[in-house]
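Below is one structure, written out as structure tokens, with a few remarks after it.
Values below: all heavy atoms of this structure, side chains included; hydrogens, waters and symmetry mates excluded. Lettering of chains follows the sequences in order, A, B, ..., and the numbering in each one begins at 1. Here the structure is a predicted model, which is why all the values come from computation and not from measurement.
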Amino acid sequence: MLDMQLIRKSPEEVEQALSRRGEDTSLELILHLDETRRKLLQETESMRANQNQLNRLVGRAKGTHTTDDLSALVEQVRLMGYDVGPNIASTQEHFADFLVHLGRETLSRAIDEQQADIRRLGKELESLLLYLPNLPHSSVPSGTEDEDNVTVRAWGEPPTFSFTPRPHYEIGECLDIIDFERGVKLSGTRFYVLKGAGARLQRALITFMLDIHTREHGYTEAYLPFMVKQECLVGTGSLPRFGDNLYHDAEEDYWLVPTAEVPLTNLHRNEILEPGTLPLSYTAYTACFRREKMAAGKETRGLKRGHQFDKVEMYKFTKPDHSYEELEKLVGDAEDIVRRLGIPYRVRMLCVGEMGFQSAKSYDIDVWAPGVGEWLEASSCSNCTDFQARRTHIRYRPEPGARPQFVHTLNGSGLALPRMVIAILENYQRADGTVAIPPTLQPYMGTEVIS
RNA sequence: GGAGAGGUGUCCGAGCGGUUUAUGGAGCCGGUCUCGAAAACCGGUGCCCGUUUAUGCGGGUCGAGGGUUCGAAUCCCUCCCUCUCCGCCA
């Protein structure tokens with residue numbers, strides 16, 4: 001969610017930033033609703049102030065707890081601008097009845113009506129704000145196409161083969177470690193079963209990644225719910241705009257997480273983090289569930305894009321002025337994993353049109369897959385600035401006693417498991433059909449080769 | 001899933017229609033006193049929104065959301081959570 005104060009103060013700049021994303025947004029309606037609501041709010045609040053004052057006088061006139069001089073009370077009502085008739089203050093009780101009547105006629109009903117309007121305007125305003133994406137950082141390149149992403153660095157040499165390297169789905173079936181047919185039997189298209197060394201390879205990778213992140217990169221491991229409440233998804237920005245990519249339980253308010261980013265963001269929802277606690281770094285393994293409504297073909301072949309996949313996620317809550325340097329570290333932590341596994345990769349800064357809804361700046365890490373002959377996105381690391389923090393009310397206190405401010409949130413895959421399984425199978429395949437295991441992974445795998 | 005008890009500020013804990021404009025205590029911050037500290041005493045101490053910015057002023061906030069009322073922490077309804085017992089289960 002964008003800062004309403006910012007929209008109010010510099011609408012042109014906000015519109016311009018949004019148009020860079022290719023969002024053709026007019027803030028006119030938002031500004032109008034905001035202004036109308038605030039005007040009404042001021043009116044209502046001043047009426048309420050009068051009502052509060054009047055109500056206190058009713059209590060005193062009734063003398064439930066104290067006795068007051070009647071004429072002093074009458075004088076106060078006159079000072080509030082009300083016309084008090086000469087006979088109305090004949091007795092305490094009579095006067096109290098007069099005040100009750102006055103409150104009902106002049107204030108109470110009007111407040112009720114306006115309050116309903118304010119609430120309606122507020123909801124309308126919020127629902128519009130929830131549809132606006134984050135503002136891109138100035139360093140983010142323009143463009144909306146894949147070619148507009150900027151490769152910032154690359155590592156490793158694509159391996160050369162004395163034979164035509166095969167795609168992972170062929171390797172997997174030959175070695176009997178990926179069973180596509182039975183996956184479909186169980187759950188339909190876009191599901192598969194990992195067997196034997198295939199299942200073990202994925203599990204080894206998960207443990208390896210978590211070990212490195214927790215022991216060497218300073219992250220705290222978390223085990224999270226795979227199902228969350230709807231408000232968690234609103235908090236990250238997945239809802240209300242992108243609900244068609246999510247699975248949810250029709251009977252109860254449970255949504256399957258599309259990424260660990262969702263539960264991780266909401267871990268500190270509605271909290272004020274005390275001074276000295278930032279940055280907070282978490283890593284978590286979860287399964288991820290996505291509808292990914294796309295036609296079958298190259299994009300979904302093999303392990304590339306299933307409805308369910310595993311991922312190790314990295315996540316940070318930081319102070320606003322440190323978030324961009326933390327983003328660089330986050331990308332570095334993901335790269336470290338790929339490098340230790342000896343997989344050639346490139347890091348690309350995403351152009352403004354390719355970034356996620358909630359991101360202000362993103363880097364993708366693509367790993368080379370020689371079998372399918374393409375770069376596969378194995379990680380996406382984003383600085384979401386205060387966009388998610390506003391939606392989830394996550395703040396921090398800069399100094400003891402200081403006013404709370406919104407934190408910045410960052411997320412990054414560290415890494416997506418199926419794509420890494422693909423990369424290992426395809427990069428480490430041998431002429432005899434077996435697959436070598438990267439040396440760093442061998443202790444986790446308990447073997448040097450899959451045959 | 002069933003029955004009962006309960007959710008009040010950073011914490012403990014009163015209040016059960018109107019000087020509560022949330023009592024009291026602890027903690028924290030500042031001050032007085034002191035060579036300094038402790039104690040004692042005095043004052044302050046949440047969060048959100050609006051307005052104004054030098055303070056300030058107003059509104060909201062007692063698990064959440066509705067309702068009754070001139071007025072709700074207090075009464076009513078719905079929901080959430082915690083605890084105890086029973087049931088069920090990995």
Under 4.0 Å between a side-chain N/O of [X] and OP1 or OP2 of [N], yes or no?
{"X": "A:N52", "N": "B:G60", "result": "yes"}
{"X": "A:R397", "N": "B:C47", "result": "yes"}
{"X": "A:R38", "N": "B:U51", "result": "yes"}
{"X": "A:T44", "N": "B:G59", "result": "no"}
{"X": "A:R395", "N": "B:C48", "result": "yes"}
{"X": "A:R403", "N": "B:G46", "result": "no"}
{"X": "A:R8", "N": "B:G50", "result": "yes"}

Nearest heavy-atom pair of A:H307 and A:T189: which atoms, and what distance? CD2-O, 3.6 Å
Smallest separation among heavy atoms of A:M314 and A:G414, with atom names: CE-CA, 4.0 Å
Establish whether the base of B:G50 is bridged to the side chain of A:Q42 by a donor-acceptor pair shorter than 3.5 Å.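 It does not, because no donor-acceptor pair links the side chain of A:Q42 to the base of B:G50 below 3.5 Å.
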Can you tell if the side chain of A:L330 reaches within under 4.5 Å of the side chain of A:Y219, non-hydrogen atoms only? yes
Below 4.5 Å, heavy atoms only, C-beta onward: do A:E12 and A:E15 meet side chain to side chain? no
Of A:A402 and A:M4, the one whose closest RNA chain B nucleotide lies more 5':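 On the 5' side of the pair lies A:A402.
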Identify the nucleotide, in any strand shown, that forms a Watson-Crick or G-U wobble pair with [N], with both distances under 3.5 Å; if there is none, say none.
{"N": "B:C35", "value": "none"}
{"N": "B:G4", "value": "B:C83"}
{"N": "B:U45", "value": "B:G27"}
{"N": "B:A72", "value": "none"}
{"N": "B:U78", "value": "B:A64"}
{"N": "B:C57", "value": "B:G50"}

Applying a 4.0 Å non-hydrogen cut-off, can you work out what [X] is touching in the nucleic acid: base, sugar-phosphate, or nothing?
{"X": "A:R119", "answer": "sugar-phosphate"}
{"X": "A:S108", "answer": "sugar-phosphate"}
{"X": "A:Q5", "answer": "sugar-phosphate"}
{"X": "A:L41", "answer": "sugar-phosphate"}

Whole Å only: how far is the CG atom of A:L107 from the C1' atom of B:G58?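 In whole Å, B:G58 C1' lies 15 Å from A:L107 CG.
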Can you tell me the distance, in whole Å, between the CZ atom of A:R56 and the P atom of B:G71?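 Computing the A:R56:CZ to B:G71:P distance gives 14 Å.
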From B:G60, B:C49, B:C70, pick the nucleotide closest to the side chain of A:N55? B:C70
Tell me which nucleotide among B:C48, B:C70, B:G59 gets nearest to the side chain of A:P404.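 When the side chain of A:P404 is considered, B:C48 is the closest of B:C48, B:C70, B:G59.
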Pick the P atom in B:G9 and in B:C85, then give their distance to the nearest Å. 26 Å
Taking atom C1' in both B:A40 and B:C76, what distance in whole Å separates the two? 49 Å
Just by distance, no angles: are the side chains of A:E261 and A:T236 close enough, under 3.5 Å, to form a donor-acceptor pair? no
Electrostatic pair A:E45:A:R48 at N-O distance under 4.0 angstrom: no
